[in-house]
*Asks:* 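Questions regarding the structure given below will be posed in turn.
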Amino acid sequence: MPKIDKIYMSEALKEAKKAFEADEVPVGAVVVHDGRIIARAHNQIKLLKDPTAHAEMIAITGAACYLKNERLLNTTMYVTVEPCAMCAGALVLGRVKRLVFGASDSKTGAFGSRLNINKLRLNHKIETIKGIRAKDCADLLREFFKKKRKNG
């Protein structure tokens with residue numbers, strides 16, 4: 001695994017920790033283009049009262065704005081948790097080149113855990129790398145839900 005993937009995943013983890021502090025499910029994402037982070041985001045579903053306000057969706061919007069283009073060509077998204085079907089669809093529509101994620105999501109993951117969007121006959125496939133800093137990403141989720149259960 002390239003060292004750079006760990007570095008950028010650390011940035012996504014910083015975003016996930018912001019979500020944790022805001023009492024949102026701790027998922028963070030960054031989008032990289034030409035060796036620079038061009039967008040960063042974390043879950044804001046509760047804050048925005050919007051079921052689509054996933055870290056990936058917000059980061060996609062930020063990256064498109066930065067690039068002034070709906071196509072996120074030659075970009076890599078780093079996200080702490082395997083994207084759901086909604087986010088996977090947006091990544092395909094945005095033509096993201098590469099996805100790197102940490103923890104797998106057995107309930108809603110759309111890059112191999114629950115379904116695999118790359119196996120559908122769509123017009124774009126995303127190079128996918130999983131398991132980068134997986135333990136750190138999964139531990140943050142476990143800590144969040146443990147805290148939720150404890151607090152009722």
Side-chain angles (χ1 to χ4, degrees), residues 1-22 24-45 51-64 66-67 70-149:
M1 122 190 47
K3 183 179 179 185
I4 197 73
D5 285 344
K6 284 185 178 180
I7 292 168
Y8 287 128
M9 187 59 74
S10 294
E11 292 300 312
L13 271 162
K14 287 179 187 176
E15 289 297 315
K17 289 173 185 169
K18 289 179 188 176
F20 185 101
E21 294 303 317
E24 297 271 4
V25 175
V27 178
V30 298
V31 178
V32 175
H33 181 260
D34 288 341
R36 294 183 54 184
I37 294 175
I38 61 168
R40 52 177 68 236
H42 56 275
N43 275 1
Q44 296 182 45
I45 297 161
T52 70
H54 290 197
E56 301 96 321
M57 300 295 281
I58 296 168
I60 287 168
T61 299
Y66 177 89
L67 294 172
E70 72 279 8
R71 300 286 185 240
L72 306 181
L73 304 175
N74 299 311
T75 61
T76 299
M77 175 173 283
Y78 292 85
V79 62
T80 56
V81 179
E82 180 181 2
C84 69
M86 173 184 70
C87 295
L91 290 164
V92 168
L93 291 172
R95 305 297 193 274
V96 169
K97 181 178 183 177
R98 191 167 170 261
L99 168 70
V100 179
F101 68 86
S104 294
D105 183 348
S106 63
K107 292 183 181 179
T108 64
F111 283 91
S113 291
R114 199 72 184 143
L115 67 99
N116 190 339
I117 198 161
N118 277 330
K119 292 197 175 184
L120 301 178
R121 297 179 68 196
L122 301 176
N123 61 348
H124 179 71
K125 295 207 182 313
I126 300 169
E127 177 188 337
T128 306
I129 305 206
K130 63 181 180 177
I132 304 298
R133 297 206 54 195
K135 182 179 182 328
D136 297 326
C137 296
D139 286 350
L140 189 61
L141 281 169
R142 270 192 285 283
E143 184 182 342
F144 177 79
F145 287 111
K146 182 179 176 182
K147 179 180 152 192
K148 285 301 228 186
R149 285 188 296 276

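These numbers were taken from a predicted model, which means no experiment stands behind them. Values reported hereafter were calculated over all heavy atoms of this structure, with side chains retained and with hydrogens, waters and symmetry mates removed.
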*Asks:* Let me confirm one number: the CG-CD1 distance from L91 to I60, rounded to the nearest 0.5 Å.
*Replies:* 4.0 Å
*Asks:* Quick one: salt bridge (Lys or Arg N to Asp or Glu O under 4.0 Å) pairs with a partner in residues 71-95, sequence neighbours left out?
*Replies:* none
*Asks:* In Å, rounded to the nearest 0.5 Å, how long is the span from NE2 of H54 to OG1 of T108?
*Replies:* 8.0 Å
*Asks:* Can you name the closest pair of heavy atoms from V81 and E56 and give their distance?
*Replies:* O-OE2, 4.0 Å
*Asks:* Listed by chain and number, what are the salt bridge (charged side-chain N to carboxylate O under 4.0 Å, His left out) partners of D139, not counting sequence neighbours?
*Replies:* K135, R142
*Asks:* Minimum heavy-atom separation for G102 and A134, please, with both atom names.
*Replies:* O-CB, 3.6 Å
*Asks:* How far does NZ of K130 sit from OG of S104, to the nearest 0.5 angstrom?
*Replies:* 5.0 Å
*Asks:* Report the C-alpha separation of D136 and T80 in whole Å, then their side-chain angles, then the decisive distance to 0.1 Å, and conclude whether the side chain to side chain contact (heavy atoms under 4.5 Å, CB included) test is met.
*Replies:* CA-CA 9 Å; D136 297 326; T80 56; over 6 Å; no
*Asks:* Report the residues that fulfil salt bridge (charged side-chain N to carboxylate O under 4.0 Å, His left out) with K125, sequence neighbours left out, ordered by chain and then residue number.
*Replies:* none
*Asks:* Look at E15 together with K18 and state whether they make a salt bridge at an N to O cut-off of under 4.0 Å.
*Replies:* yes
*Asks:* Kindly compute the distance separating OG1 (T76) from CD (E127), expressed to the nearest 0.5 Å.
*Replies:* 7.5 Å
*Asks:* Go through M9 and C137 one step at a time and tell me if the side chain to side chain contact (heavy atoms under 4.5 Å, CB included) criterion holds.
*Replies:* CA-CA 9 Å; M9 187 59 74; C137 296; 4.2 Å; yes
*Asks:* Looking at every non-hydrogen atom in both residues, tell me the closest pair between M86 and P51 and how far apart they are.
*Replies:* CE-O, 4.1 Å
*Asks:* Can you list, pair by pair, the side-chain donor-acceptor contacts under 3.5 Å of residues 26-40, counting residues two or more places apart and other chains?
*Replies:*
| unit_1 | atom_1 | unit_2 | atom_2 | d |
| --- | --- | --- | --- | --- |
| R36 | NH1 | Y66 | OH | 3.3 |
| R40 | NH1 | E11 | OE1 | 3.1 |
| R40 | NH2 | E11 | OE1 | 3.1 |

*Asks:* Got a second to check how far L141's CG is from D105's CG, nearest 0.5 Å?
*Replies:* 8.0 Å
*Asks:* Would you list the pairs meeting ring-ring contact (aromatic ring centres under 6.0 Å, His included) in which at least one residue belongs to residues 96-145, sequence neighbours left out?
*Replies:* F20-F144
*Asks:* List the steps and the verdict of side chain to side chain contact (heavy atoms under 4.5 Å, CB included) for T61 and I58.
*Replies:* CA-CA 5 Å; T61 299; I58 296 168; 5.8 Å; no
*Asks:* State whether the side chain of N43 and the backbone N or O of V25 hold a donor-acceptor pair below 3.5 Å, judged by distance alone.
*Replies:* yes
*Asks:* Is there side-chain contact between Y78 and R98, with at least one heavy-atom pair below 4.5 Å?
*Replies:* yes
*Asks:* For a quick test of reading the model, state the closest non-hydrogen atom pair linking T128 to I126 and the distance between them.
*Replies:* OG1-O, 2.9 Å
*Asks:* Output the distance between atom CD1 (I45) and atom CD (E24), rounded to the nearest 0.5 Å.
*Replies:* 6.0 Å
*Asks:* Identify, with sequence neighbours excluded, every residue that meets salt bridge (charged side-chain N to carboxylate O under 4.0 Å, His left out) alongside K97.
*Replies:* none
*Asks:* Considering non-hydrogen atoms only, spot the tightest contact between A55 and A41 and give its length.
*Replies:* O-CB, 3.4 Å
*Asks:* Taking it one step at a time, do L72 and L67 satisfy side chain to side chain contact (heavy atoms under 4.5 Å, CB included)?
*Replies:* CA-CA 7 Å; L72 306 181; L67 294 172; 3.9 Å; yes
